[in-house]
Each structure stands twice: as structure tokens, then as C-alpha cells.
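Per chain, numbering begins at 1; letters A, B, ... match sequence-line order. When reading the values below, keep in mind they use all heavy atoms of this one structure, side chains included, and skip hydrogens, waters and symmetry mates.
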Number of protein chains: 4
Amino acid sequence: MPKRDNVFDILFENQEMTEKQKKILEAAVEIFSEKGYSATSTNEIAKKAGVAEGTIFRHYKTKKDLLLSIIAPTMAKFIAPFFIRDFNKVLLSEYQSFEDFLRAVIINRMEFAKKNFPMIKILFQEIPFHPELKEQFKEHIINHVIKRLKLIVEEYQKKGEIIDMPPQTVIRLTVSSILGFVIGRYLMFPEAKWDDEAEIERTIQFILHGLSTYNKE
Amino acid sequence: MPKRDNVFDILFENQEMTEKQKKILEAAVEIFSEKGYSATSTNEIAKKAGVAEGTIFRHYKTKKDLLLSIIAPTMAKFIAPFFIRDFNKVLLSEYQSFEDFLRAVIINRMEFAKKNFPMIKILFQEIPFHPELKEQFKEHIINHVIKRLKLIVEEYQKKGEIIDMPPQTVIRLTVSSILGFVIGRYLMFPEAKWDDEAEIERTIQFILHGLSTYNKE
Amino acid sequence: MPKRDNVFDILFENQEMTEKQKKILEAAVEIFSEKGYSATSTNEIAKKAGVAEGTIFRHYKTKKDLLLSIIAPTMAKFIAPFFIRDFNKVLLSEYQSFEDFLRAVIINRMEFAKKNFPMIKILFQEIPFHPELKEQFKEHIINHVIKRLKLIVEEYQKKGEIIDMPPQTVIRLTVSSILGFVIGRYLMFPEAKWDDEAEIERTIQFILHGLSTYNKE
Amino acid sequence: MPKRDNVFDILFENQEMTEKQKKILEAAVEIFSEKGYSATSTNEIAKKAGVAEGTIFRHYKTKKDLLLSIIAPTMAKFIAPFFIRDFNKVLLSEYQSFEDFLRAVIINRMEFAKKNFPMIKILFQEIPFHPELKEQFKEHIINHVIKRLKLIVEEYQKKGEIIDMPPQTVIRLTVSSILGFVIGRYLMFPEAKWDDEAEIERTIQFILHGLSTYNKE
DNA sequence: GATGAATGAGGATTCATTCAT
DNA sequence: TATGAATGAATCCTCATTCAT
């Protein structure tokens with residue numbers, strides 16, 4: 001019983017879609033994320049969407065097209081615009097400390113990730129198998145994200161809040177720690193009992209201390 | 001041009017295999033890791049292995065069987081026995097500090113991971129799609145690994161080297177940081193220039209400071 | 001050169017069928033009856049039907065399904081309804097004597113059998129190899145046919161036309177004699193010259209005398 | 001747990017066979033009779049026989065060869081020699097009446113049929129699918145059996161014990177009645193309770209009266 | 001004689017895609 | 001726009017048969 005229509009509407013905004021097309025996308029997202037693109041048949045999607053198989057191909061030339069039409073906006077909306085926003089906020093000193101920034105990012109993005117979980121799962125599951133996607137992803141990451149993140153990191157390094165270390169490494173360690181939580185929490189052990197708030201706090205503290213300038217002595 | 005016969009011999013030791021069977025396994029590992037299990041055809045494997053397609057099915061009842069015969073030993077040899085070894089070493093105080101332990105583990109496992117990279121890639125790529133594998137993996141992880149790691153962590157917590165924090169969280173943060181490096185280094189940006197030694201050292205320092213008891217003030 | 005469309009239309013009435021589907025059924029009946037279900041390949045059927053192999057599986061999930069979709073209606077239309085009809089006629093004394101009944105049955109059923117010969121051949125050839133079919137057949141036979149035939153036999157036994165003998169035995173002997181003719185005539189020696197009328201008459205007389213009450217003395 | 005070694009020894013006498021070869025034959029007979037020739041794989045036979053698949057082909061050039069090596073002697077020993085024996089007995093007036101002859105035949109052949117049931121089942125199941133077998137069978141039947149049976153029938157017709165009717169028809173009716181019993185008894189309803197003796201007697205009486213000259217009035 | 005690994009042709013079935021309606 | 005019948009290439013797998021040991 002997909003409740004995430006709203007999320008869909010955001011992700012696929014400015015795309016006019018028939019009711020059926022939405023159903024197809026929903027079904028595809030659900031099955032792709034569950035069984036993987038390759039192991040999913042268009043027939044299966046059609047059935048789950050309550051649509052004739054031909055209808056899928058009216059809207060998406062090929063099965064791959066359908067995949068891309070899910071991944072592309074996920075990539076675009078998930079990664080790019082967010083950082084632009086935060087980036088400006090940082091430069092404008094809206095986040096007074098690295099800690100503030102970190103906390104804001106985690107809370108904000110986590111919400112998004114939770115809602116769009118299946119889409120993101122597809123994204124990471126399929127990237128290794130589709131070189132074009134990989135390329136696209138790297139470009140996004142490197143050009144839009146890392147570039148900006150570097151500037152942010154350097155900003156906080158200048159302020160003396162972050163240890164002197166190649167910004168890429170700072171980014172890697174920070175992202176690892178956050179993703180490590182997300183993956184453990186939602187992918188690997190979703191049914192375990194988690195004290196989300198405490199875990200997030202611990203993760204933030206871990207990152208902050210791990211990157212603190214006090215380590216220098 | 002598979003040069004990793006030695007690794008194969010270790011991973012599939014105590015299994016008598018025809019020359020052809022080895023060829024099949026090698027081919028399967030290579031293609032599975034590249035395109036994913038589902039997108040790989042047995043025909044393709046046969047061709048790459050220089051074998052008739054029927055031969056595959058003489059040795060492995062089904063394609064899935066072939067997958068499992070790759071994953072199972074990878075799981076067994078990669079995860080379980082290693083920790084048992086290290087576990088004892090820790091208890092016997094062979095590693096004087098958490099830092100020593102961390103460094104030993106990283107160096108040792110990294111070597112193995114590098115050699116068996118394709119197998120491990122398959123392992124992580126396929127687990128999300130095969131509930132039995134997931135189950136098996138969790139069991140391995142939880143029963144054999146986390147249980148022991150917890151004891152190790154508690155040992156170093158008692159010694160005052162690690163901050164007082166639920167051991168699972170310590171494990172999560174540590175493992176995230178290490179895997180973050182491995183994934184970035186070997187999966188996402190293998191072609192970038194990496195100063196491995198420095199990056200490993202930074203990762204270790206990050207973990208140590210992130211978990212240090214001096215944070216407490 | 002299938003001329004039996006009419007028969008098909010009867011046998012598969014109330015089933016909407018594509019032209020192609022009919023072609024598939026015709027081809028299947030012909031080849032199944034000739035070479036047996038197991039020795040028939042779907043490829044062969046497709047070719048004879050002038051259809052792509054995939055088309056077969058659009059209409060019948062499996063090859064077995066195709067077989068059943070031939071056998072089930074044959075069983076239903078061949079066995080069940082006929083006897084119900086005759087059964088009522090007997091009870092309504094439309095057949096004044098056992099001889100009349102016998103003659104009517106033979107002539108009527110013989111016509112049907114001749115037309116649907118391949119279907120019936122398949123029925124009897126495949127039953128021994130498919131336990132579910134066997135079960136289904138027995139149920140049909142026992143519940144619908146023998147039960148009614150028993151009543152008919154008992155009716156004529158009451159009238160003193162048939163010797164006092166377990167009705168099953170009467171049925172067995174009668175059916176054997178008739179089927180013996182059909183099998184010899186159409187299955188074993190179809191190319192021999194047969195004086196059908198005379199042979200049928202002799203068969204009827206044989207049964208009548210074999211079961212006559214005059215034997216009693 | 002095949003107990004019919006003796007039967008095998010008779011059927012395949014004057015053929016030198018290794019232990020393995022016997023095992024193969026036994027397994028083949030069992031599976032062929034159960035699933036049909038076409039649906040039986042040599043692999044299956046090999047497994048049941050406890051033999052390597054290659055061994056089958058040491059002894060029988062092809063799978064068909066194996067089938068024939070079962071059917072041929074069954075045909076030869078079941079049909080031919082028996083009638084020769086009985087034939088002579090009839091001519092030598094060893095059977096004083098048609099009834100005696102009938103009874104002797106039924107009892108004698110029934111015994112054989114019961115023991116060699118699977119072989120005979122194979123015979124009748126496979127004949128429709130193998131034209132050469134059909135031909136071979138017809139030849140056996142027509143040349144060796146019917147020809148002689150005709151003479152026997154004519155003998156009893158001369159004696160006035162059998163009604164004046166084409167001998168083929170007499171044979172057909174007689175054989176039908178007997179086979180009708182065998183098929184019902186052993187093939188169709190083997191698990192029903194049968195009073196064998198009574199049923200056989202009824203069958204004999206049915207045939208005798210059906211063919212009696214007293215019918216002539 | 002017996003084995004069982006190896007074969008490749010052929011088996012049933014699935015698949016993404018097309019197209020007439 | 002939507003359908004669903006039709007396709008035929010491709011898929012996984014089975015088979016009878018061969019052959020080196």
C-alpha cells in the first residue's frame with residue numbers, strides 16, 4: 001500500500017504523468033529495489049502496476065529506460081540541490097560550527113533517505129552494473145558534491161574546527177560514518193531495536209572527535 | 001588472465017576439482033562480479049571458461065548453486081576464522097593497545113580483501129537479493145563476528161583505551177571507517193591516485209581519536 | 001489437413017480462442033496422438049501450428065497445461081454427458097430392450113469416437129503416465145459412469161433380460177467387447193477390410209448371448 | 001526389491017549377462033513401465049541400477065536399443081512359443097472341449113502376465129509410438145498367433161462347439177473378454193477387491209455362451 | 001568391463017519488445 | 001492512450017551419447 005505518493009510527486013515533479021504511469025513507476029521501484037533490475041521482468045512490473053505489458057513500453061522505450069527514469073531524478077534530487085543549499089548556508093555562516101552543520105545535514109538528509117529508501121537502494125545496487133550510471137554518478141559526486149564539500153571542509157579547517165588533513169579524507173571519513181549508520185540501521189538490521197537519537201549523537205561526536213584539532217598534540 | 005589460482009586454491013581447498021571446474025569457477029567469479037549474478041548467462045560463463053555449457057551443470061546443479069559455491073566459502077573463509085585467530089591474540093595480550101590491534105587487523109584483512117576482491121564484491125552485491133544469503137550472512141556476522149568483537153571492545157574499554165559506549169556502536173563506527181576506505185579505494189575510485197599508507201594511518205587516527213577516552217572532558 | 005474444426009468447436013465450446021490458439025490445439029492433438037506427449041517437442045507443435053514457440057506459452061503456462069487442456073474436455077464431453085442422456089432414456093423406457101440400448105449406445109458413441117479419435121487416443125495413452133489424470137479419470141468413471149451403468153444394468157436384470165451377475169462384471173464384459181472392436185478396428189488393423197455392420201452385429205449378439213438368462217439352465 | 005530375477009532369467013535366457021547388465025535391465029523395465037520410454041532418462045536408469053551412465057551404453061548402443069532388448073524377448077516369449085505348444089495340444093485333442101482349452105489358456109497365460117506385468121505394460125504402451133515395433137508385433141500376431149488360433153477355432157467350430165462365425169471375430173471377442181479382465185484387474189483397479197476365481201469363471205462362461213451354437217435358433 | 005567427465009544439440013520456458021486494434 | 005496477442009531470441013537446463021582413463 002504505497003503511501004509515498006507525495007515523495008513520488010516531488011521526485012517526478014515537472015513530469016506530466018498519467019495515473020498508469022505513476023503506477024508503473026511505483027511498481028518498478030518496489031520490485032527493482034527488492035530483486036534487482038536484472039531479475040525483474042517487465043511482466044512482473046505490469047502485473048503489480050495493474051497495467052498491460054505494452055503500456056510500459058508506451059511510456060518507456062526500453063526496460064533500461066524505466067530504470068534510468070527512476071535513477072536519474074533520484075540522483076539529481078538526492079545529491080545535487082541539497083548541497084547547493086547547504087553550501088550557501090555555510091558560506092553565509094548560518095551554521096556556526098562544524099557540529100551544527102553536521103547535525104543539520106544528518107537530520108535533513110536522513111529524513112529524505114528514509115522516505116526514498118527504495119529508490120536509493122536501487123541507485124546503489126545498480127550503479128556497479130551500469131558503467132554509464134557509474135560515470136554519471138561520479139560526475140555528480142565529484143563535480144557537484146565533493147567540490148563543494150571540499151570548500152565547506154576547508155572553511156571549517158580555516159576556522160580551526162577540523163584537523164589539517166586532505167579535505168577528501170575528511171569527507172570520506174565523515175560520509176563513511178554517516179552511511180555506516182544508515183546502512184546498519186535501515187539495510188542490515190532494520191528489525192533490531194535502535195535508539196536513533198543516541199546513535200546519531202554518538203556518530204556526530206565520533207566524527208567531531210575524530211577530526212578535532214585537539215588531536216594534534 | 002586469472003593469476004589468482006593460489007587464492008582459489010585456498011578458498012576452495014579440500015574440494016577436489018577438475019581443471020574444467022576451476023575454469024568455470026574463475027569465469028563465474030569474474031563475470032558475476034562484473035555484471036551481477038542475474039545479468040550473467042551460463043552460456044557466457046561457459047564460453048569464458050572454454051567449456052561446454054552442459055559441463056557447468058554437471059558440476060553445479062543450477063546456476064544458483066554455482067553462485068552459492070562461490071559465496072559460501074568466501075563467507076566462511078573471509079569472515080569467520082580470521083576473527084577467531086585475532087580474538088585469541090587479543091585475549092592473550094599479543095596486541096598491547098587497541099591501536100596495535102586495529103593496525104594488525106586492517107593490514108591483514110586488507111591484503112586478503114585485495115586478493116579476493118571479486119569474490120567479496122559478489123558477496124555484497126548479491127546478498128540483498130537472496131534472503132537465504134542474507135540470513136546466512138547475518139548469522140555468521142552476529143554469531144561469529146560481532147559476539148567476539150564485542151568482547152574485544154570490552155577488553156579495551158576495561159583498559160580505558162576506548163570510550164564508554166555500547167560495543168555495537170564502537171564496532172559500527174570502526175567498521176564503517178575501514179570499509180569506507182576500502183570501498184572508496186577499490187570500488188569507487190580505484191583509478192585515482194591514493195597514498196595508501198597515509199590514508200590508512202589517517203583512518204586509524206580518526207578511529208582512535210573518535211573513540212578516545214580523552215573526549216570525556 | 002485438419003477437417004475436424006467442427007469437432008473442436010464442440011469440444012472447446014464456451015472457450016474463447018484466438019485463431020492461433022486453435023491452431024496450436026489442433027497441432028498438439030495431432031502430434032501428441034502420434035508420438036505421445038513426452039516425445040513431442042513444443043518446437044514441433046509450434047511449427048506445425050505455424051506459430052512462434054512463445055505463443056504456445058502465452059496460452060498454456062506449460063506443456064503439461066496444453067496436454068490437460070486437451071484431455072480435460074475430452075474426458076468431460078466424452079464420458080459424462082452422454083451417459084446422463086442415455087441413462088434417462090433407459091429409465092424412461094425409451095429403449096425397450098437391452099439390445100436396443102446396446103445398439104443405440106454403440107452407434108452413437110462409435111460416431112463420436114471416430115471423429116475424436118486422436119483425442120481419445122491421447123487420453124488412453126497418457127493416463128498411465130500421469131497419476132492426476134488417472135485419478136481424475138477414475139473419479140469420472142466411477143462416479144459418473146459406472147454408478148449410472150449399474151442402475152441401467154440392474155434395470156435390465158430386473159426385467160430378466162440380463163443374467164444375474166454383479167453389475168460391474170456385466171459392465172466389464174460389455175465394455176470389453178465393444179472396446180475390443182473399436183481398438184481392433186481403428187487402432188490395430190485400420191487398414192484391414194472390415195465389414196463394420198456385420199462385426200457390430202456379431203459383437204452385439206455375442207454380448208447378448210453371453211449375458212442371456214437362458215444360460216441358466 | 002526386485003524378486004523377479006527368475007522371470008528375468010527366463011526372459012533373457014541364453015543371453016550372457018553381467019550382474020550390472022541385469023541391474024540395468026531391471027531398472028529400465030521398472031522405470032519404462034512407470035513413466036514411459038520417452039519420459040525416462042538414461043541417467044535415471046543408471047542411478048536406479050547403481051551403475052555409471054556410460055555402462056548402459058557399453059551394453060546397449062542406444063537408449064532405443066535398451067527398449068528393444070526388453071520388448072523383443074517379451075514379444076517372443078510371451079506370444080509365440082506358448083501358442084505353438086497349445087496348438088499342438090489342441091490338435092492332439094489334449095483339450096477335450098473349447099472350455100477346457102480356454103480355461104487352460106487363461107490360467108497359464110495369466111500367471112505369466114502377472115509375473116511379467118511391467119514388461120507387458122511397456123510392450124503395449126510403446127507399440128503405438130514405434131512403427132517398427134508395431135510392424136514387428138503385427139507380424140508376430142498375424143503370422144504366429146492368429147494363424148494358429150484360426151486353426152484352433154476352426155477345429156472347435158468343426159466340432160460344433162463354437163458358433164459359425166469368421167474365426168477372426170471369434171478370436172477378437174474372446175481375446176477382448178480376457179484382456180478386459182486383465183486390464184481392469186491389474187491396470188485400472190488393482191486396489192479394488194476382486195474375487196479372481198469367480199470373475200475368471202464368469203468371463204469364461206460369458207465367452208462360451210456368447211459363442212455357443214445354441215444361439216442359432 | 002566400467003567409469004564418469006565432457007559434450008553440444010535440443011528441451012521447455014521466459015523475456016523484452018512490437019504492433020494491430 | 002492503452003491493450004494484450006504475438007514474436008523469436010535468449011535463458012537455464014536436460015539429454016543421449018562419447019571417450020580417455
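Every residue was checked against the salt bridge (charged side-chain N to carboxylate O under 4.0 Å, His left out) condition with C/Glu34, not counting sequence neighbours, and none meets it.
When the side-chain nitrogen and oxygen atoms of B/Lys20 are compared with OP1 and OP2 of E/dA6, none of them lie within a distance under 4.0 Å. An OP1 or OP2 oxygen of F/dT7 is reached within less than 4.0 angstrom by a side-chain nitrogen or oxygen of C/Thr55. Within the 4.0 Å cut-off from OP1 or OP2 of F/dT1, not a single side-chain nitrogen or oxygen of A/His59 is found. At the phosphate of F/dT11, neither OP1 nor OP2 sits under 4.0 Å from any side-chain N or O atom of B/Thr42. Contact annotation: B/Thr18 side-chain N/O to E/dA6 OP1/OP2 distance is under 4.0 Å.
Mapping D/Glu53 and B/Glu53 onto DNA chain E via the closest heavy atom, the residue that lands nearer the 5' end is D/Glu53. Each of D/Lys61 and B/Thr40 lies near DNA chain F, and the nucleotide nearest B/Thr40 is the one positioned closer to the 5' end. With DNA chain F read from its 5' end, the first of the two nearest nucleotides for C/Gly54 and A/Ile56 is the one closest to A/Ile56.
Annotation for C/Pro118 and C/Ser33: closest pair O-CB, 3.6 Å, computed over non-hydrogen atoms.
Taking atom NZ of D/Lys35 as the reference point, atom C1' of F/dC15 lies 13 Å away to the nearest angstrom. Across the protein-nucleic acid pair, D/Leu68 atom CG and F/dA16 atom P stand 15 Å apart, rounded to whole Å. In this structure, B/Gln21 atom CD and E/dT7 atom P are separated by 13 Å, rounded to whole Å. For the pair A/Glu19 CD and F/dT3 P, the interatomic distance rounds to 13 Å; values are reported in whole Å. A straight line from OH of D/Tyr37 to P of F/dC15 spans 13 Å, rounded to a whole angstrom. In this structure, C/Lys22 atom NZ and F/dA5 atom C1' are separated by 16 Å, rounded to whole Å. Remark: C1' of F/dT11 and CG of B/Leu67 are 17 Å apart, rounded to the nearest angstrom. Atom CD1 of A/Ile24 is separated from atom P of E/dA16 by 14 Å (rounded to the nearest Å).
In this structure, the nucleotide among F/dT17, F/dA5, F/dT14 sitting nearest to the side chain of C/Arg58 is F/dA5. The listed nucleotides are F/dT17, F/dT11, E/dA20; the one nearest the side chain of B/Ser41 is F/dT11. Nearest nucleotide to the side chain of B/Asn43, out of F/dT18, F/dT11, E/dA6: F/dT11.
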Using Watson-Crick and G-U wobble pairs with both distances under 3.5 Å, what is the 5'-to-3' dot-bracket string of DNA chain F, with [ ] for crossing pairs and | for pairs outside the strand? .||||||||||||||||||||

Pairs under 3.5 angstrom only: tabulate donor-acceptor contacts from the side chains of residues 126-135 of chain B to other protein residues two or more places apart or in another chain.
unit_1, atom_1, unit_2, atom_2, d
B/Glu126, OE1, B/His130, NE2, 3.1
B/Glu126, OE2, B/Tyr37, N, 2.9
B/His130, ND1, B/Lys64, NZ, 3.1
B/Glu132, OE2, B/Lys64, NZ, 3.4

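In this structure, OG1 on A/Thr42 lies 14.0 Å from OH on A/Tyr60, to the nearest 0.5 angstrom.
By the neighbour-count criterion of 12 heavy atoms within 6.0 Å, atom NZ of B/Lys121 is densely surrounded, having more than that number from other residues, nucleotides or ligands. Counting non-hydrogen atoms of neighbouring residues, nucleotides and ligands closer than 6.0 angstrom, the NZ atom of C/Lys63 exceeds 12 such neighbours.
Using modelled atom types, no side-chain atom of C/Lys48 and backbone atom of C/Ala27 make a donor-acceptor pair closer than 3.5 Å. For the pair B/Thr18 (side chain) and B/Gln21 (backbone), a donor-acceptor distance under 3.5 Å is absent.
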